[in-house]
Amino acid sequence: MLKKISTEQLVPGMYIADSGISRMENPYLYYAETDATVELINRILRNGFKEVFIDTERCRPGLIAEDTGFASALAGGGAYAVPDIPITVEMQAAKSTYSGALNQARTFMDSIRNGNTPELRQAEPLVDEMLQSLGRNPDALLSLCKLRTQDNYTYTHCINVAVLGIMFAKHLGFSASVQHATGMAGLFHDLGKSMVPLEILNAPRDLSADEFAVLREHPGMGYDLVKQISGLPPEVSLGVYDHHERSKGHGYPRGLSAGDISPAGRVLAVADVYDALSSRRPYKDAVMPHRVLGIMYQIRNKDFYPGYIEHFVRLLGIYPVGSVVELEDGRQGVVSGSNSAAPTRPKVLIMLAKDGTPLKPEEKDINLGECPPIQRCLPAGASPIDPAKAFNLE
Ligand SMILES: [Fe+2]
């Protein structure tokens, strides 16, 4: 059955039908015969179409009755405002903060595995540095989070969850002290895994029910460890405890419902799932960020605090810094900065000409939103561009 809806109600997974109505008479109506993807929804909005016909029988089940708002989240702007400090300047400080945090995460986990209690309060100055760097120019640390998702997952994941958690807490309007506590809890959120036997943690197979039960104890074990550290606010240990709780009460370890989950726990649940899905692991490829946001959007009402995924989409946009993209004119480049006025038109450092020829340094321009729109995001390996080299990280 065909149904006409506003383009702002489109959700990934809907089937866009060609209604057969005259295009001349309906310039604001979008026509196609295809599944709605994030890229397509973005293009439809960018081109100013107001309405679209969907085929309700060919849409993924459950999408029609839902209150939809994915497209409005994309179109609504609100991405963070980037101060005037260029990413190239902030990158030096961000690199130092990121590698310091990596060393500390490694030290903490090794210490726990050896039966010791680490000096967790030593992380406080590092989280201060993260807050300061994110305040000067968030694109620097956020791009490192994206570019470091390829290796050392156990440690990079802690740092990424801390950085994303701080940014998200800030975006949601939480106080500086909650932002700091969220960063600390992000760093520590999986410390409990250091008490899980390695043969379970690294098992290259599905876990048995008993083994999975042991793994599910890691938030509680982390909580027990963190809460005994004097001087840490309770928000830190509660954030660790609650990062696997889910809005409808089907998470673990306590099965809390949305309103009972601590603020840091709600924020970290989003950051944890986003980083886990967008990272490459031995058993899976990295999923591109815009697809991860689409997946999280579809499970938002069940898993996450009401409204949080819509806010998270607004925060990150669909082309996070470090994404390799192809423009509509065929040139390729790396997203080098967000654009709060137009989240779908970020800054792009153009690296390759249309024919694939590398551009000379003087020909690469850091675009401020005037270049042709982005056609698509390219998966790892689909382009010769190495985003880490683009930012001089090697
Ligand atoms: Fe976890």
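Both counts, for ligands and for their atoms, begin at 1 and track the order of listing. Excluded from the calculations below are hydrogen atoms, water molecules and symmetry mates; all remaining heavy atoms, backbone and side chain alike, are included. Counting from 1, the numbers follow the sequence of the chain as shown.
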task = Please state whether the rings of H218 and H243 are parallel, tilted or perpendicular, taking 30° and 60° as the class boundaries.
result = tilted
inquiry  = In terms of relative ring orientation, are Y252 and H244 parallel, tilted or perpendicular, with 30° and 60° separating the classes?
reply    =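 Correct class here is parallel.
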task = Could you state whether I159 and M167 fall into the same hydrophobic cluster, counting links through intermediate Ile, Leu, Val, Met, Phe, Trp or Tyr residues with side-chain heavy atoms under 4.5 angstrom apart?
result = yes
key: Pair E245-R254, side chain to side chain contact (heavy atoms under 4.5 Å, CB included): steps then yes or no   = CA-CA 7 Å; E245 299 291 355; R254 293 186 287 170; 3.4 Å; yes
message = Could you check whether K354 pairs with E326 (Lys NZ or Arg NE/NH1/NH2 to Asp/Glu carboxylate O, under 4.0 Å)?
response =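 No, no charged N to carboxylate O under 4.0 Å.
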message = I'd like to check P384 versus M351 (side-chain heavy atoms, cut-off strictly below 4.5 Å). Are they in contact?
response =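 In short, these two side chains do not touch, never coming nearer than 4.5 Å.
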ask   = From the Fe ion (ligand 1), how many protein N/O/S atoms are found at a distance short of 2.8 Å?
value =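 Counting protein N, O and S atoms closer than 2.8 Å to the Fe ion (ligand 1) gives 4.
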